[in-house]
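Have a look at the structure below, then the notes.
Note: hydrogens, waters and symmetry copies are ignored here, and every other heavy atom, side chains too, is used. All chains are named by letter (A, B, ...) in the order of the sequence lines, taking the proteins before the strands, and each is independently numbered beginning at 1.
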There are 2 protein chains.
Amino acid sequence: MVRERSGARGASVRVPTREVVLAAVRLFTEGGFETTTMDDIAAATGVSRRSLFRRFGSKEDILFAEHDELFASVSRHLEADSGEPLDVVFAAARLVLQGYLSDPEVTVPRYHLVRAHPRLRDREVAMTARYQAAFSRYLAAREGEGGPEERSLAAGVTAAALISAHNHVLRSWLRHPGQETREVWTRYDSAMEFVRRAAGPMLHPADDPVRDRVMVAVYPADLGREELLRRLSAAVDGAVPRH
Amino acid sequence: MVRERSGARGASVRVPTREVVLAAVRLFTEGGFETTTMDDIAAATGVSRRSLFRRFGSKEDILFAEHDELFASVSRHLEADSGEPLDVVFAAARLVLQGYLSDPEVTVPRYHLVRAHPRLRDREVAMTARYQAAFSRYLAAREGEGGPEERSLAAGVTAAALISAHNHVLRSWLRHPGQETREVWTRYDSAMEFVRRAAGPMLHPADDPVRDRVMVAVYPADLGREELLRRLSAAVDGAVPRH
DNA sequence: CCCTATTCTGGCACTGAATGCCATACAGCG
DNA sequence: CGCTGTATGGCATTCAGTGCCAGAATAGGG
């Protein structure tokens, strides 16, 4: 059978990824994910069932195909590796949000599909974990102090916090994609600042301003020995990391 | 066909969950996950293929069946809800590690299977995300200060950090399950302390010891006005949360 | 002890995802 | 135009997963 699409647009013999993704999103949304078969997608796109499997690997993968590309570009950003490690990672996370915001046609309906189908949800979560792992590895190799054990712990926790804050803002947009993009970025920046305050001391306990200063604690004179000691030790425990 | 197992042990007509899980783990480990079919598991356990699907839902689910029970018991612990919210969550996370440590026969080979098969890995990651979501929801409902937005952000980030630290220690055990359990718990405690230091100020910025004390910063007299002001403002920015 | 209602199990058939195999169509190049 | 490597599509097959139904086991009341 001669494919009409071939003649309609240039010489692209290849499977038109974007068109297939859009068609699949539409079919999944209208008819449900499970009920839509690969034959349906093949019929709707003019691409054979066999070729769809070759290109995308599986039915789920069609939904996440462009997300894979996003991940690849974020990975490249990490490998370029220019600047403070923590800044590089924050910039990489920004790319992810940017990727979602710039393609609502796919990301928004995908979000609703993901919410409705546990399998797709798992898949989405796995994507998130891939970012987290990449960030964690990057940070562990370049940031932090102490032995490899503490460094990888701090890196992992930092990456987890970063991804969590990122997803927090991302989800709020996915739920209400109508809102101003500028507003989303504002909330994103404040969430990132929140993470930065928590992550800085984790990776560089020595830079903690509490440690860098000479401090004098002043308490009421009638506290009594017990209470005074308690407050002092509590204060020191809180301010100075133990290892 | 009369099932011999029926006569061999009590009156349990039910599918022996534990035995099936162990058999499946063995088959997957010996022959690979994909190559092992449900028929193989049925043949090895004396349970019909159809019943296996009824009990476990899918081939993957056999591997994670007992993990589901663990999650259920952790959920119950959260619902019991006794004590400081942060303590409750930390205790719940401890239950998870306990669950893994107490069943190495399943959890260790499963870890290796999960590492080798992307699909299983996604599944494992999804389990982790379920804990994280449960912790996050619990904390957001009970902990934190400010509006719902900041509270859920802080709760999410705290849960993410906690789970990440938990998994850090868990993985190190899964890789070398021979090590002393006591040693694992020691590292776990120190990782949890690490998270606690980071999480406390996130959830309760007002409790930050830096804020609770009267402080006097002492600097060399010859610093100069510019440098003195810079250090002071940097110190204050670092010590006092902005909102 | 028997009979009945309910639940559990296993066999059978069917759908559809996923993969291997092979023939064919196409693109680039001499 | 002919040759070569690659992309595609059709076909057949395996296997996960599900609906359906008949038969076995269990509980419970007489």
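- Two residues are said to be in side-chain contact when any heavy atoms from C-beta on lie closer than 4.5 Å; B:Arg110 and B:Phe28 fail this criterion.
- With contacts defined as side-chain heavy-atom distances shorter than 4.5 Å, the pair B:Leu97/B:His166 qualifies.
- Residues that satisfy the salt bridge (Lys or Arg N to Asp or Glu O under 4.0 Å) test with A:Asp189, not counting sequence neighbours, are A:Arg94.
- Atom CZ of A:Phe28 is separated from atom C1' of C:dG16 by 13 Å (rounded to the nearest Å).
- Look at A:Ser58 and you won't find any side-chain N or O under 4.0 angstrom from OP1 or OP2 of C:dA17.
- In this structure, A:Phe33 places its CZ atom 14 Å from P of C:dG16, rounding to the nearest Å.
- As rounded to whole Å, 13 Å separates atom C1' of D:dC15 from atom CZ of A:Phe53.
- Taking atom CZ of A:Arg49 as the reference point, atom C1' of C:dA18 lies 7 Å away to the nearest angstrom.
- Using modelled atom types, one side-chain atom of A:Gln179 and one backbone atom of A:His176 make a donor-acceptor pair closer than 3.5 Å.
- Straight-line distance from the NZ atom of A:Lys59 to the P atom of C:dA17: 5 Å, rounded to whole Å.
- Side chain to side chain, B:Gln132 and B:Arg137 fail the donor-acceptor criterion of an N or O pair below 3.5 Å.
- Computed from coordinates, the A:Leu52 CG to D:dG9 P distance equals 8 Å when rounded to whole Å.
- Annotation: proximity of residues 35-43 of chain A to DNA chain C (heavy atom, distance under 4.0 Å) is found for A:Thr36, A:Thr37, A:Met38, numbered in ascending order.
- Comparing A:Glu34 and A:Arg50 by the nucleotide of DNA chain C that holds the closest heavy atom to each, the one mapping nearer the 5' end is A:Glu34.
- Residue pairs meeting the salt bridge (Lys or Arg N to Asp or Glu O under 4.0 Å) criterion with at least one member in residues 75-85 of chain A, sequence neighbours excluded, are A:Asp81-A:Arg142.
- For the pair A:Ser51 and B:Glu60, both in contact range of DNA chain D, the more 5′-proximal nearest nucleotide belongs to A:Ser51.
- For A:Arg54 against D:dG9, a side-chain N or O and a base N or O form a donor-acceptor pair under 3.5 Å.
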